[in-house]
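Hydrogens, waters and symmetry mates play no part in the numbers below; they use all other heavy atoms, side chains included.
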Amino acid sequence: MKLARRDCIIIGGGPAGLTAAIYLARYHLSVMVFDDGTSRAASIPICHNHAGFPGGINGAELLARMRAQAIMYGAEIRSQRVSSLRSAGGAFRVSFDDGALPARTVLIATGVVNRMPSMPKDKHDEALKRGLIRYCPVCDGFEVTDKRIAIIGHGAKAYKEAVFLRSYSRYVTLLSPSGQHQLEPNEEARLRELGILVKLGPIEIDIEQENIVVCASTGDHRFDTIYPALGSDIRSELASGIGARLSQERCVCVDSHQRTNVQGLYAAGDVVRGLDQISNAMGQAGVAATTIRNDLCTLSPLVR
């Protein structure tokens with residue numbers, strides 16, 4: 001049986017993918033979202049800086065609302081992982097566990113995966129749920145105002161995060177799990193000037209009722225929250241596999257309309273270089289969806 005070709009298949013069910021699905025469905029286009037359930041947004045205990053929710057909103061609840069809205073307008077959502085993506089003759093073939101579907105266009109919205117600190121996953125997830133571990137100071141730095149904060153990492157990334165968080169609290173410590181801070185002399189001087197402590201590992205992390213404990217060679221250190229600054233892995237393999245150009249950080253490169261260098265392939269959200277924020281992902285998705293609609297209309301007029 002020949003399967004119906006979708007106008008667009010979206011790979012990724014986070015804020016970018018679901019926003020694009022809402023737009024595309026409202027453009028009266030056939031759209032399917034593949035969501036493997038690994039969006040970073042789902043792990044957010046409560047997001048306070050997303051406009052329109054002054055009391056905050058749980059990440060999983062936000063995604064559930066967006067899924068329901070996309071489905072209401074006719075988008076299809078499959079809770080499956082895409083295993084491969086192929087391009088041939090100006091069209092795409094999206095493969096998954098038990099089949100494959102053709103598509104006129106594809107939107108990559110696969111996001112990134114945070115690198116976790118070395119600790120048991122069950123303790124990590126419990127600490128994340130309780131706000132003892134946080135990954136985004138832009139999102140929730142306000143919530144740790146004047147609290148005891150530790151940044152876990154080394155080098156320039158950890159340095160920049162420590163300096164950023166110093167604007168929220170005077171109690172900031174930079175902990176290097178490798179035993180080497182890898183800081184430049186001017187960075188060390190700046191940390192001293194700001195009163196940011198630097199401690200060297202190796203470290204072990206445990207959780208208590210109210211604190212997160214970091215055990216290092218200098219003793220046990222208790223904090224209200226820690227921010228791992230260990231980097232992230234960009235999930236751009238599907239895009240690069242069909243020739244999409246990547247940045248040095250392996251983000252998918254796009255133009256101002258979210259087009260990649262592969263005709264018919266678009267990208268939005270954290271998989272694209274930029275500010276990793278829900279609002280930014282949604283904005284990129286709106287641009288991408290509108291571009292997809294207009295590009296398809298150029299190929300064949302969209303009329304009713």
S.K.: Verify, without hydrogens or angle tests, whether R235 (side chain) and T110 (backbone) share a donor-acceptor contact under 3.5 angstrom.
M.R.: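 Judged by distance alone, yes, a pair lies under 3.5 Å.
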S.K.: Looking only at heavy atoms, what is the nearest atom pair of I242 and R86, with distance?
M.R.: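 Heavy atoms only, the tightest pair is CG2-CA, 4.0 Å.
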S.K.: State yes or no: are the ring centers of F142 and Y168 separated by less than 6.0 Å?
M.R.: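 No, the ring centres sit 6.0 Å or more apart.
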S.K.: Is the backbone of L275 close enough, under 3.5 Å, to the side chain of N280 for a donor and an acceptor to pair up by distance?
M.R.: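 Side chain of N280 to backbone of L275, a donor-acceptor pair under 3.5 Å: yes, one is there.
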S.K.: According to the side chain to side chain donor-acceptor pair (under 3.5 Å) rule, which pairs have a member within residues 262-275, sequence neighbours left out?
M.R.: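 Counting only pairs at least two positions apart or across chains, the side chain to side chain donor-acceptor pair (under 3.5 Å) contacts touching residues 262-275 are R40-D270, Y266-D295.
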S.K.: At their closest point, which heavy atom of C8 faces which heavy atom of L107, and how far apart are they?
M.R.: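 Looks like SG-N, 4.1 Å.
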S.K.: So L29 and L296, side chain to side chain contact (heavy atoms under 4.5 Å, CB included) or not? Walk me through it.
M.R.: CA-CA 10 Å; L29 296 173; L296 288 175; 4.2 Å; yes
S.K.: What's the shortest heavy-atom distance between I9 and P102, and which atoms?
M.R.: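 Taking every non-hydrogen atom into account, CD1-O, 4.1 Å.
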S.K.: Report yes if the side chains of R259 and T291 come closer than 4.5 Å at any heavy-atom pair, otherwise no.
M.R.: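 Yes, close enough: below the 4.5 Å cut-off.
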S.K.: In the structure I gave you, are the side-chain heavy atoms of I57 and R65 within less than 4.5 Å of one another anywhere?
M.R.: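 A side-chain contact under 4.5 Å exists here.
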S.K.: Determine which pairs satisfy side chain to side chain donor-acceptor pair (under 3.5 Å) with at least one residue from residues 117-132, sequence neighbours left out, and list them in order.
M.R.: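 Of all non-adjacent pairs touching residues 117-132, those that pass side chain to side chain donor-acceptor pair (under 3.5 Å) are K121-D125, K123-D206, H124-Y135.
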S.K.: Any ion pair linking R81 and D35 (charged N to carboxylate O, less than 4.0 Å)?
M.R.: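 Answer for the salt bridge query: no.
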S.K.: Ring of Y171, cation from R148 - is the NZ or CZ under 6.0 Å from the centre and inside 45° of the axis?
M.R.: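 Ring-cation test returns no.
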S.K.: I'd like to know whether CZ of R115 has more than 12 heavy-atom contacts from other residues, nucleotides or ligands below 6.0 angstrom.
M.R.: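 Check passes, neighbour count above 12.
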S.K.: Would you call R190 and E193 a salt bridge, taking side-chain N to carboxylate O under 4.0 Å as the test?
M.R.: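 Result for this pair is yes, salt bridge flagged.
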S.K.: Could you state the interatomic distance from CG (L197) to CZ (R192), rounded to the nearest 0.5 Å?
M.R.: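 L197 atom CG to R192 atom CZ measures 12.0 Å (nearest 0.5 Å).
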S.K.: Kindly compute the distance separating CG (L128) from CD1 (I207), expressed to the nearest 0.5 Å.
M.R.: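 Output value for this atom pair is 11.0 Å.
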S.K.: Checking the side chain of Q182 only, and the main-chain atoms of H154 only, is there a donor and an acceptor separated by less than 3.5 Å?
M.R.: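 Looks like no, no N/O pair under 3.5 Å.
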S.K.: If you define the side chain from C-beta out and look only at heavy atoms, does anything of N49 sit under 4.5 Å from Q277?
M.R.: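 In contact.
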S.K.: Tell me if the CZ atom of R26 is crowded by more than 12 foreign heavy atoms within 6.0 Å.
M.R.: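 Atom CZ in R26 is not crowded, with 12 or fewer foreign heavy atoms closer than 6.0 Å.
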S.K.: Should we say atom CD of E210 is surrounded by more than 12 heavy atoms from elsewhere, each under 6.0 Å from it?
M.R.: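 No, not enclosed.
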S.K.: Do the charged groups of E76 and R6 touch, with an N to O distance under 4.0 Å?
M.R.: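 Salt bridge flag = yes for R6 with E76.
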S.K.: So, taking the atom named CD1 in I151 and the one named CG in L175, what distance separates them when rounded to the nearest 0.5 Å?
M.R.: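 Going from CD1 on I151 over to CG on L175, the span is 8.0 Å.
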S.K.: Taking the side chain as every heavy atom from C-beta outward, state whether L191 and L183 have any pair of such atoms under 4.5 Å apart.
M.R.: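 Yes, at least one pair of side-chain atoms sits under 4.5 Å.
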S.K.: Taking all heavy atoms of N261 and all of R245, pick out the closest pair and write down the distance.
M.R.: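 Closest heavy-atom pair between N261 and R245: OD1-N, 2.7 Å.
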S.K.: So, taking the atom named CZ in F53 and the one named CG in N58, what distance separates them when rounded to the nearest 0.5 Å?
M.R.: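 Separation between the atoms: 11.0 Å.
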S.K.: Within the supplied structure, the quantity of interest is the number of heavy atoms (other residues, nucleotides, ligands) at a distance under 6.0 Å from Y159 OH; does it exceed 12?
M.R.: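 Atom OH in Y159 is packed in, count exceeds 12.
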S.K.: Show the numbers, then the answer: is there a side-chain hydrogen bond (donor to acceptor under 3.5 Å, both in side chains) between D7 and S30?
M.R.: CA-CA 5 Å; D7 291 316; S30 58; 3.1 Å; yes
S.K.: Grab the two heavy atoms, one from Y27 and one from A289, that are nearest each other, plus how far apart they are.
M.R.: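 Looking at all heavy atoms of both residues, the shortest contact is CE1-O, 3.9 Å.
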S.K.: Could you pull out the closest heavy-atom pair between V33 and G13, with the gap in Å?
M.R.: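 Heavy-atom minimum between the residues: CG1-CA, 4.1 Å.
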S.K.: Quick one, R104 and S300 - any side-chain contact, counting heavy atoms below 4.5 Å?
M.R.: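 Yes. Closest side-chain heavy atoms under 4.5 Å.
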S.K.: Could you check whether any side-chain heavy atom of M32 comes within less than 4.5 Å of a side-chain heavy atom of I77, counting everything from C-beta outward?
M.R.: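 Result no, sub-4.5 Å side-chain heavy-atom pair not found.
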S.K.: Less than 3.5 Å apart, any donor N or O on the side chain of N114 or S232 sitting next to an acceptor on the other?
M.R.: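 Result is no, nothing qualifies.
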S.K.: What's the spacing between I10 CD1 and R78 CZ if we round to 0.5 Å?
M.R.: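 Here the interatomic distance stands at 14.5 Å.
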S.K.: Any side-chain heavy atom of I205 sitting closer than 4.5 Å to one from I226?
M.R.: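 A side-chain contact under 4.5 Å exists here.
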S.K.: Using a 3.5 Å distance criterion without hydrogens, assess whether the side chain of T290 forms a donor-acceptor pair with backbone atoms of V287.
M.R.: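 Not at all, since once roles are kept as given, no pair shorter than 3.5 Å links the two residues.
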S.K.: For the residue pair T225 and I212, establish whether any side-chain heavy-atom pair is separated by less than 4.5 Å.
M.R.: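 Sidechains of I212 and T225: no contact.
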S.K.: Between the main-chain N or O of G201 and the side-chain N or O of S176, is there a donor-acceptor pair closer than 3.5 Å?
M.R.: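 The answer is no, because no donor-acceptor pair under 3.5 Å joins these two groups.
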S.K.: Are a donor atom and an acceptor atom from the side chains of S247 and E249 found within less than 3.5 Å of each other?
M.R.: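 Yes, E249 and S247 have a side-chain donor paired with an acceptor closer than 3.5 Å.
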S.K.: Atom CG of L165 and atom NZ of K160: how far apart are they, to the nearest 0.5 Å?
M.R.: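 Result: 14.5 Å between the selected atoms.
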